[in-house]
Protein chains: 2
Amino acid sequence: MAKKYVYFFSKEKADGNKSMKQLLGGKGANLAEMSSIGLPVPPGFTITTEVCRDYYENNRNYPKGLQSEIDKNLELLEKNLGKKLNDSNNPLLVSVRSGAAVSMPGMMDTILNLGLNDKSVEGLAKLTDNPRFAWDSYRRFIQMFGDVAMGVPHHAFEHQLEEVKRKVAKKKGIKKANSLVQEALNKAVPDVALNVDNLKELVDRYKKVYKKHKNSSFPQAPKQQLMKAIDAVFGSWNNKRAIAYREINGIKGLLGTAVNVQAMVFGNMGEDSGTGVGFTRNPSTGEDKLYGEYLMNAQGEDVVAGIRTPHPIDDMKKKDKAMYNKLIAVRKKLENHYKDMQDFEFTMEGSNLFMLQTRTGKRTAQAAVKIAVDMVKSKFISQKEALSRVTAEQLDQLLHPMFDEKEEKKAKLFSKSGLPASPGAAVGKAVFNAEDAQKQKGAGEDVILCRVETSPEDIKGMHAAKGILTARGGMTSHAAVVARGMGKCCVAGAGDITMEESKKQMKVGSKVVKEGDFISLNGTKGVVYLDKIKTIPPKMGGPFGVLMGWASKMKKLGVRTNADTPKDTKVAVELGAEGIGLCRTEHMFFEGERIISFRKMILVAPEVKSLRDSLEVENDEKEKEKIKKQLKEPLDQYLKALRELLPLQRKDFEGIFKALGGRPCTIRLLDPPLHEFLPHDAAGQKSLAKALDIKTAQVKRTVESLHEMNPMLGHRGCRLGISYPEITQMQIRAIIEAALKVSGKKNKVKPEVMVPLVGNVEEFRLQKKIIIETIEEVKKKKKIKKLPFTVKIGTMIEVPRAAVTADKIAQEADFFSFGTNDLTQMGCGFSRDDAGKFLGDYVNLGIYEKDPFQSLDLEGIGVLVETATKLGREEKSKIKIGICGEHGGDPDSVKFCHLIGLNYVSCSPFRVPIARLAAAKATWQSS
Amino acid sequence: MAKKYVYFFSKEKADGNKSMKQLLGGKGANLAEMSSIGLPVPPGFTITTEVCRDYYENNRNYPKGLQSEIDKNLELLEKNLGKKLNDSNNPLLVSVRSGAAVSMPGMMDTILNLGLNDKSVEGLAKLTDNPRFAWDSYRRFIQMFGDVAMGVPHHAFEHQLEEVKRKVAKKKGIKKANSLVQEALNKAVPDVALNVDNLKELVDRYKKVYKKHKNSSFPQAPKQQLMKAIDAVFGSWNNKRAIAYREINGIKGLLGTAVNVQAMVFGNMGEDSGTGVGFTRNPSTGEDKLYGEYLMNAQGEDVVAGIRTPHPIDDMKKKDKAMYNKLIAVRKKLENHYKDMQDFEFTMEGSNLFMLQTRTGKRTAQAAVKIAVDMVKSKFISQKEALSRVTAEQLDQLLHPMFDEKEEKKAKLFSKSGLPASPGAAVGKAVFNAEDAQKQKGAGEDVILCRVETSPEDIKGMHAAKGILTARGGMTSHAAVVARGMGKCCVAGAGDITMEESKKQMKVGSKVVKEGDFISLNGTKGVVYLDKIKTIPPKMGGPFGVLMGWASKMKKLGVRTNADTPKDTKVAVELGAEGIGLCRTEHMFFEGERIISFRKMILVAPEVKSLRDSLEVENDEKEKEKIKKQLKEPLDQYLKALRELLPLQRKDFEGIFKALGGRPCTIRLLDPPLHEFLPHDAAGQKSLAKALDIKTAQVKRTVESLHEMNPMLGHRGCRLGISYPEITQMQIRAIIEAALKVSGKKNKVKPEVMVPLVGNVEEFRLQKKIIIETIEEVKKKKKIKKLPFTVKIGTMIEVPRAAVTADKIAQEADFFSFGTNDLTQMGCGFSRDDAGKFLGDYVNLGIYEKDPFQSLDLEGIGVLVETATKLGREEKSKIKIGICGEHGGDPDSVKFCHLIGLNYVSCSPFRVPIARLAAAKATWQSS
């Protein structure tokens, strides 16, 4: 059988259906579908996307047989309507529209009224008894055809329209008609003010314009018009705009566009006609009610152009109850058939309603959730289908305040070079250091903390701020990670901002923001504005909870959270976290006065270590005694500082254990290099020295001695616990003592101690030994024979070496947790703090499909994760394995974790629902 | 059969042999061996190391049956000699010596004259007709037994000796005898001046000392003496010193020590007796001639004590030709039997020669090579055996100047905390910056460049210096890598040095070295001295070449070199390099005036990139024009600077291609981050600004904008070539043009372009495209249809991600070269610049067996290397794979590379012979 190139659609016969989007385009497939379910669609036919492909593959020649198929279908159409294309008295007029499987604004859109010529315009005038309508239709057709299909410049036609209007204006006696600006001219002589003669003159002028630009007369033969229009649609598939659109939006794998040729219906045939756009439910709120707007005496393009203000569809209930009821019936039919919220375009020609298009309706996050849940209740769809219809992005929007879109569009831009580091919207006065943030917040102000980059010292200021803006750093920079953890809006790495912290101001070109000036951050887009923009608070109403419940029921992967405080833990548990997968103890050291004790410890620690090392290698007994004497004072200080920290840490853990209500808690031992906790600027060092009553030089010396070329690969993680076993001991003591305090009949605790940055099983062994010994000491001190809870001891897998030696590590570890941030940094060789300089290029160039810090690089880092999981399970089949990098909240990464059989993912509190949803979807995406 | 605990040896019967070192210790096994081949060994027996093990395993109890075996063997010994242990008239005297499989100075060594007591001393006096000898032997025995076996403090005996000497001195009428210092007293009354009465008094006093300290009388029963001595030997196996010695020297897997009980012979029985140490060849030069020294009328301990100066063995030829001939016969017998150079201890009792010990003789590097080669010539050993006997360390010594050992021992220490970063010795005046190094070198001085750490800016200074000393950085820090490349002595990361570059001085505690002070570096040990120490130049004589020839014949693995200059290349080729495996182009940028051009380029490059990026995303045509205008000037500067660099780079490559004489040359494209090439201090920035006639602020701004938190993981490697394609283009042009110039009928060139830091095949694809396009451009410009040589395009595998996706990369790459330095950094998560702070601990704690930057971490990084090799070969079976990290010169790593089937290793020029040797050995080590 020969290939079919053209598909007919009418009430009586529809060759296609909605499943044929690839072949007929979205528009064509749904026109056929609507026809076949008895909706009033003007008949027509669709030329397939395969024709488009063949056209390009054969050097812009159509496949053999196409013309005859077009002719045949045209005949069918003429027969169906009892009109003929070339009949001057009762002409068939058609629209020609492009339509690919994916909506593509880059292509040629629409030509209306095709079939009109110098003769049939008169026929139409007679037939409709409306010459003005006929001539207006003709002049519009010439302009559309010339401009859209034949490439005559738009302004050439506009210029003629202006000339005619000036003539009319002069006649009306309007002064200075020749020099009126466009806007005033349009006001004085609107389109509707042109009479039949004016329009005839315009037709004449338009034809001249056409001839001048195309070197041939405007084609009078409707068949020729049609074929040229079809050429134009196929030609537009590969114009620059369309190619760019596909590139930008990552649209791949389409054959081409289809062409839809459809009988014209006229919403502009008089005051009883009209056109409109409808939604079967409210796309903004999800309300289960017809929604939309319409214009009388207008064609579709008038609604789009926005010159006249359309009426809400509810108005029709009063004005034309019969038509309204027809729309209600359409709504019901569409939803019953499509089982989803649809949008649709319609035209009313007198009392007749015609459907011109339908698609799955775009909707807000809130509406998406409500519609999905409502449709399950109505048994339209299954719970699984409901979950499929809600995206991660939509959930994310629901969880954070957002800007009012209209206000945001009008707002004055400050910078758009930032990264969307933590979603949501924030408005406040700019402040340039953490202290000011706290002060101003204390004075009741909303503030945005603006920094070159943040460090752990800024934590309090970040807490106080509504949002965080940095000029440096990537998606997993300190600012971004901490902000996401706090569920706080953050724009990071806005490279065009010159941040002048000391002057308390920042600049982009000539735009300056000073302390106290209001700015607005859009953390979902990475944009900064100079105004106060109205925000819309997050809505986590009933349907959200219902949907999340279904997700949890279906998912197999556990979802935990990364949380460091009782408050964050509470939020995460409310959002459905099943435990803590990563509790970063270092963040605690910045709370309150404890930073002082911690810094005291750091200031003597290197000296303690150095003297201990000397002691070890020294053979001379006298020298040994000397060293021991030297060691005494710093060692005392070091141990004293740790003793001061113990009760504070213990209290933190108590709070977290309580907030978890018996859920497991993975606590990571101290991880960052010690120098991160010391001030690096002269002023900070001076004030620290003062606070500790020591010399500034000593502080400076310690900072210098701790300096590292590549701190990411430096003296951190378990390397600290190995050099300073007392830190590990203090932390374990705090954990166990806290667990003992909280644990009771009612309360359970499940502490899991996690050793960071293990690359070699020996590191883990050494730390595990200290951990077990310390637990024994606590038991002895508390006179307990057996702890009333189990303590698991496991490790991060974040060093590539650990991944490839995971079998050895599994011999010792109770669990693995992939630290995919660091694993990505080391595995790909990118510092997350520096990669901003080239990672954007890398994604643009397609080297990485997505930022590997946002979505796990499955091809590379994924291999390491999978290898380690395999090796680990081969050694210890039941070993618990999770992931606690930032990727734990990324849907694609979550899916991957499900597929390779991990036990859980852990992510920041506000990503927990997203992870739950992704985990649920993964269960059927994988099968 | 019951286990045998005691092995007898005598001319007639030797239970053991030389293969039984584990059981009998080295000494015992060789005493048995010498006995059995007819050498004159005083008879005796050896108690096995198994007894030692059982002794410790059974709570310091001997195994059942041991005592009876000892008794039996003692009887055998008595019978053999016709003497009895407890016979006062003809007493059997024995020595008791420890002896493990490995020589261990930490253990109890020797007790002589055991068997003497108050009665037998008289018998001995009579028997030898030498009462003084007998009493001297007795007092020595008491002291040795008391001190060595029973733990009586040494000084307690010494004090008595002093008292007696003072009495003698007084009698002699020496003034102030009571207050003479020790040295003067010994001069006035040497040991030999004590007469029989004095010695009897001393014996009396010694026995009192013994009783005072041990609360019991000195044991008179020889059997009791013997058993206590045996106890002492076994006890000494686990004393602190012995344990520490084993730990420090990594001695593992021994059962314990053996105990050798052997009939005494007396070199101190008169002027016709003596003792000595011999070597069958000269251990210093390897000369094929008996070598050694001896003392008449002395026991072994006198030779060791160094109080009397022994005579060279040659003297004996004149003084006692008969004895000399006996020694010559012994030498011949030993070498014929052992097939190696042996050392031995001997005693001459009158005209009788006795052998007390033999071992494989320790030898210098030079001797090792000469002896090995000579012994092949004499058909003693095979070429393979010859290669086996020469170690990497020995070759290394041969290739570098070394200190005169005696002088070094006396030299004043400055620091011993440094790492042995590049071997050899260097002496010169301390200078504290590169400029001073060049100036002083220009003025004819030898200088040592002392820096906190070096950077590429210091290259010229490093060239000028004799040696390099840094206070920071590890074995693969910049200083270490560059120094090794230059074959220059370097001590790196001497952490106890406070380097005050601005003050032009450095300190360790109170020791200060100022500019111009002489210091000496031992780069083989990592030690710095405050004096000028005499150095011995390297000797690469004939035997070295012969041995290397054999190595090359046997090895299968290729050995290339890492070289960046024609000079280094020439050296490496002379040392046997088969090509360049790594030519680091960045080092070239520091030569001569080109650094100016290079810096000019860097100063505008970020601006060029930023404007280009803006241009790409800008849609507004007007804005685009604006940006293009802005771009013009920096772009011109950028391209101009690159044009200036082109001829310079081309010339470099010409020189290298010529020096290679047709061997292949792997050239790595620019690798380090750009900021490494800019001055980071204010003064440097100012002078650069002046040189380029721009504002200092601009320099500062660029330096700041290029700053990176973790430069190791930053904007470097192929990331540069992707951001700045013109740099790649310039380098390729230089390579191809140079190759065209050198290539001819006589000269071949084999350029191999290597793209660094590829983590993702797409990076490689993008760079490969530019490389191929540029080659085509050169061909077009030169009007060449086909290049007269092949250009291979390959990549480094140094990012873990590249290792696990090597199959994909192999689809595109002609070759892989493992950059194991960076692969170790990223794979283990250690920055080589910072790891010094903990890596020492890590090796001490056994987390890593060796520094993973020195010897490839086979268990971890080795897995990545093996995986990548496997994946690469699966995709492209013939892909050429090599290694060009610092590990290419480490014998264990070379062996690994051979085993996994790599094509070649590449290392710094002076490691090439070591790699060749290791590659040869690997061929039989693997089978």
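Throughout, protein chains are lettered first and strands after them, A, B, ... in sequence-line order, and every chain is numbered starting at 1.
With respect to chain A, the highest number of heavy-atom pairs below 4.5 Å among H715(B), K609(B), E453(B), E798(B) belongs to H715(B). Listed options A803(A), C828(A), P606(A), P800(A) were ranked by heavy-atom pairs under 4.5 angstrom with chain B; first place goes to P800(A). Comparing S705(B), G714(B), P711(B), S610(B) by how many heavy-atom pairs each has under 4.5 Å with chain A, the most go to P711(B).
Contact record, F838(A) with S723(B): CB-OG, 4.5 Å, taken as the closest heavy-atom pair. Among all heavy-atom pairs drawn from V804(B) and G860(A), the shortest one is CG2-O, 3.7 Å. Nearest heavy-atom pair across G846(A) and E762(B) is O-CG, 3.9 Å.
Of the two parts of N844(B), neither the backbone nor the side chain holds a non-hydrogen atom closer than 4.5 Å to a non-hydrogen atom of chain A. Contacts between D613(B) and chain A at a heavy-atom distance below 4.5 Å involve the side chain alone, from C-beta outward. Residue L839(B) does not touch chain A at all, counting heavy-atom pairs closer than 4.5 Å. Contact of L766(A) with chain B is made through the side chain alone, with heavy-atom distances under 4.5 Å.
No side-chain donor-acceptor contact under 3.5 Å links D834(A) to the backbone of E708(B). In this structure, the side chain of N710(B) does not engage the main chain of S831(A) through any donor-acceptor pair within 3.5 Å. A donor-acceptor distance shorter than 3.5 angstrom exists from the side chain of N760(B) to the backbone of I847(A), with no hydrogens or angles considered.
Judged by distance alone, the side chains of E763(B) and Y842(A) do bring a donor and an acceptor atom under 3.5 Å apart.
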H707(A)/R472(B) under side-chain contact (heavy atoms from CB on, under 4.5 Å): CA gap, chis, key distance, verdict: CA-CA 11 Å; H707(A) 168 80; R472(B) 269 200 210 137; 4.0 Å; yes
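With contacts defined as side-chain heavy-atom distances shorter than 4.5 Å, the pair L713(B)/M712(A) qualifies.
Atoms CZ and CD, from R801(A) and E859(B) in turn, are 5.0 Å apart once rounded to the nearest 0.5 Å.
Remark: D841(A) does not engage R719(B) in a salt bridge, criterion side-chain N to carboxylate O under 4.0 Å.
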